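Structure, as structure tokens:
Atom set for the values below is all heavy atoms of this structure, side chains included, hydrogens, waters and symmetry mates excluded. For reference, positions follow the sequence shown, starting with 1. Owing to the predicted nature of the structure, the values given are computational and were not obtained by experimental measurement.
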Amino acid sequence: MNILLLGSGGRESALAWKISQSELCDKLFIAPGNGGTGAYGTNVALSPLDFEAVDAFVGANGIDMVVVGNEDPLVAGIYDYFAGKRPGLLVVGPSKAGAQLEGSKDFAKRFMTAHDIPTARFRSFTQETAEEGCRFLEELKPPYVLKADGLAAGKGVLIIDSLDEAKKSLREMLGGMFGKSSATVVIEEFLKGIECSVFVLTDGNGGYRVLPVAKDYKRIGEGDTGLNTGGMGAISPVPFADETFMRKVTECIIEPTVKGLAEEGIIYRGFIFLGLINVEGEPMVIEYNVRMGDPETEAVMLRVDSDLVQLMKAAAEGDLGELPLRHNPSTAATVMIVSGGYPGSYPKGKVITGLDKVTDSILFHAGTKKLEDGTVVTSGGRVIAVSSLGKDIADAVGRSFKSVDLVDFEGKYFRRDIGRDLMNLK
Ligand code: AMP
Ligand code: GLY
């Protein structure tokens, strides 16, 4: 089959790498792709949000399946667009209604409440109810968690220690701090624990498979300090997500989610990302996303031993049947190399050297661009995800660090403590 993958990050590099290994894949196109995805297929200069241009490409190139890497096209309704226009085309991803699990935090919280899925206590407020919001804050203990309802490029969550600051931020958010995204603000209880990311592929008819579990490292600084980023590294598997924990995740979270979507008549044939927190052994949902995680995918794909195309095709057709999703027992570690200055402003166009010296890891390009003469330069904050398999965390992460040392560009930065917190944790 001919496959079109939408997106341009490290996640899409890892998906493209995996898709290109499938016997079912004839041609793979990545739109728009990056400086590395050309190794797995053909980059196409298309915006995933320009549905008409995507449609024209699908028609002209005999595309059988569209895999949507990031949330924006899903929240904007790409599934519904093609369901109406090209009923035979397989689209991996939820309908617009399903994408609300990520597109609206208020929707996600109400969904969880309706289906008894464990999550932090919450209430939602608008400009009209701002004073009630302040009173709700007074009922909670610090720190206070304030979330913009809509998509805010990963920046819409504030965690604030002082009550006065929290009230001030609530008013600012409702006043447009994140534009329309924060016209509604979800205030919720703070949960203490360690987070992990669980990925599920569902066929929308009760069938689902759980992918390898991962943990990502969101802060820019070592020891989880400094600003939030898109993710500085990932480890899979996660030692504390053992059989007992995962049984609870399956029973209390995955099954009610899949069943709840069906009960509400929401079409969902694609990946569900459960952002979980382990609160004294009990999994609770911090957030849903409607796509795979980045950089988790760059670790998780190394541990998927089954044919991902076969699985995605079956999910998009609405019947996963008995298809297995086998997990490789090794450990995967991803270390993200970023541009100096990220997540603030950073320069672009820095020449990257040493890429051909790496043999022990896979380099999943993210913010890179290949020039006509073959030179690869930086073009984003997160530049390259360096992923390795090993016998345990220390081994896998050690291999990635050795490979990271071989790659260079002006201003290169990475975290040297990826996985360290998990090494003694069971
Ligand atoms: P979200 O965009 O909802 O994933 O939130 C971003 C980050 O904020 C999460 O990954 C958590 O680290 C943190 N966070 C969100 N909600 C809570 C909560 N209720 N308690 C503690 N931390 C939270
Ligand atoms: N790694 C978190 C995310 O993809 O949203």
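Contact of the Glu102 side chain with the Leu151 side chain is registered, since non-hydrogen atoms from C-beta on lie closer than 4.5 Å. Residues Ser236 and His327 form no side-chain contact, since every pair of their non-hydrogen atoms from C-beta on lies 4.5 Å or further apart. Two residues are said to be in side-chain contact when any heavy atoms from C-beta on lie closer than 4.5 Å; Leu5 and Thr37 fail this criterion. In this structure the side chain of Met112 reaches within 4.5 angstrom of the side chain of Tyr288, judged on heavy atoms. The shortest distance between side-chain heavy atoms of Ser306 and Leu311 falls below 4.5 Å.
Put simply, the side chain of Asn205 never gets that close to the backbone of Gly207: no donor and acceptor are under 3.5 Å apart. Using modelled atom types, one side-chain atom of Lys412 and one backbone atom of Val404 make a donor-acceptor pair closer than 3.5 Å. No donor-acceptor pair under 3.5 Å is formed between the side chain of Arg11 and the backbone N or O of Pro295. Between the side chain of Ser182 and the backbone N or O of Met173, at least one donor-acceptor pair lies under 3.5 Å. Panel note: side chain Ser95, backbone Gly98; a donor-acceptor pair is recorded below 3.5 Å. Proximity of a side-chain donor or acceptor of Asp305 to a complementary backbone N or O of Arg326 within less than 3.5 Å is not detected. A donor-acceptor contact shorter than 3.5 Å is absent between the side chain of Arg399 and the backbone of Ala333. Judged by distance alone, the side chain of Gln100 and the main-chain N or O of Ala97 form no donor-acceptor pair under 3.5 Å. Arg269 places no side-chain N or O within donor-acceptor distance of the main-chain N or O of Gly204, the cut-off being under 3.5 Å. No side-chain donor-acceptor contact under 3.5 Å links Ser22 to the backbone of Ile19.
Side-chain atoms of Asp421 and Tyr217 form a donor-acceptor pair, as typed in the model, at a separation below 3.5 Å. With 3.5 Å as the limit, one finds no donor-acceptor pair spanning the side chains of Gln21 and Tyr40. Checked by atom type, the side-chain pair Ser104/Asp106 shows no donor-acceptor distance below 3.5 Å. Between Thr257 and Tyr208, the side chains place no donor N or O within less than 3.5 Å of an acceptor N or O (distance only, hydrogens not considered). Side-chain contact of Lys109 with Thr119: a donor-acceptor pair under 3.5 Å is present, judged by distance alone.
Surrounding NZ of Lys18 are more than 12 heavy atoms belonging to other residues, nucleotides or ligands, all under 6.0 Å away.
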* Can you list the steps and then say if Asn34 with Ser379 is a side chain to side chain contact (heavy atoms under 4.5 Å, CB included)? -> CA-CA 9 Å; Asn34 59 43; Ser379 67; over 6 Å; no
* Asked: Where do Val185 and Asp149 land on the side chain to side chain contact (heavy atoms under 4.5 Å, CB included) test, with the steps shown first?
  -> CA-CA 5 Å; Val185 171; Asp149 174 53; over 6 Å; no
* To do: List the steps, then state whether side chain to side chain contact (heavy atoms under 4.5 Å, CB included) holds for Phe178 with Lys147.
  => CA-CA 10 Å; Phe178 299 105; Lys147 300 185 173 185; over 6 Å; no
* **Step-by-step side chain to side chain contact (heavy atoms under 4.5 Å, CB included) determination, Leu325 to Leu211** => CA-CA 7 Å; Leu325 197 165; Leu211 287 96; 3.8 Å; yes
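Taking NZ of Lys105 as the reference point, atom CZ of Phe122 lies at 13.0 Å (rounded to 0.5 Å). To the nearest 0.5 Å, the span separating NZ on Lys369 from NZ on Lys348 amounts to 8.5 Å. Taken from CD in Glu222 to CD1 in Ile418, the straight-line distance is 8.0 Å, to the nearest 0.5 Å. The structure places CG of Asp307 at 5.0 Å from CG of Leu24, a figure rounded to the nearest 0.5 Å. The structure places CG of Leu302 at 11.0 Å from OG1 of Thr331, a figure rounded to the nearest 0.5 Å. Taken from CG in Asp417 to CE in Met232, the straight-line distance is 9.5 Å, to the nearest 0.5 Å.
A salt bridge links Asp224 to Arg415: one of the charged nitrogens lies within less than 4.0 Å of a carboxylate oxygen. By the 4.0 Å N-to-carboxylate-O rule, Asp55 lies close enough to Lys85 to be salt-bridged with it.
Phe240 has its ring centre less than 6.0 Å from the ring centre of Phe245.
Classification of the Phe111-Phe107 ring pair by plane angle, with boundaries at 30° and 60°, yields parallel.
In this structure, Ala241 and Val213 approach most closely via the heavy-atom pair CB-CG1, 4.1 Å. For the pair Ser13 and His365, the tightest heavy-atom approach, listed with the atom from each and the gap, is OG-O, 2.5 Å. Closest approach of Val92 and Ala316 over heavy atoms only: CG2-CB, 4.2 Å. Closest non-hydrogen pair, Gly33 versus Ile30, comes out as CA-CG2, 3.5 Å. The two residues Pro212 and Val300 have their closest heavy-atom pair at O-CG2, 3.5 Å. Between Thr378 and Ser339, the shortest heavy-atom contact is CB-OG, 4.4 Å.
For Thr229, the side-chain hydrogen bond (donor to acceptor under 3.5 Å, both in side chains) test picks out no residue, with sequence neighbours left out. For Phe409, the ring pair (Phe, Tyr, Trp, His ring centres under 6.0 Å) test picks out no residue, with sequence neighbours left out.
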Got a list of side-chain donor-acceptor pairs under 3.5 Å for residues 382-392, not counting sequence neighbours?
from   : atom 1 : to     : atom 2 : distance (Å)
Arg382 : NH1    : Gly230 : O      : 2.8
Arg382 : NH1    : Gly231 : O      : 3.3
Arg382 : NH1    : Asp294 : O      : 3.3
Ser387 : OG     : Glu298 : O      : 2.9
Ser387 : OG     : Thr334 : OG1    : 2.8
Ser388 : OG     : Ser361 : OG     : 2.8
Ser388 : OG     : Ser400 : N      : 3.2
Ser388 : OG     : Ser400 : OG     : 2.6
Asp392 : OD1    : Ala394 : N      : 3.3
Asp392 : OD1    : Asp395 : N      : 2.8

Compile the donor-acceptor pairs under 3.5 Å between side chains in residues 44-51 and protein atoms, sequence neighbours left out, one pair per line.
from  : atom 1 : to    : atom 2 : distance (Å)
Ser47 : OG     : Leu49 : N      : 3.1
Asp50 : OD1    : Ala53 : N      : 3.2

For a quick test of your reading: what N or O donor-acceptor pairs under 3.5 Å do the side chains of residues 189-200 make, sequence neighbours left out?
from   : atom 1 : to     : atom 2 : distance (Å)
Glu189 : OE1    : Arg121 : N      : 3.2
Ser197 : OG     : Glu296 : OE2    : 2.6

Donor-acceptor pairs under 3.5 angstrom involving side-chain atoms of residues 58-73: please list them, not counting sequence neighbours.
from  : atom 1 : to     : atom 2 : distance (Å)
Asn61 : ND2    : Phe57  : O      : 2.9
Asp64 : OD2    : Asn2   : N      : 2.7
Glu71 : OE1    : Arg291 : NE     : 2.8

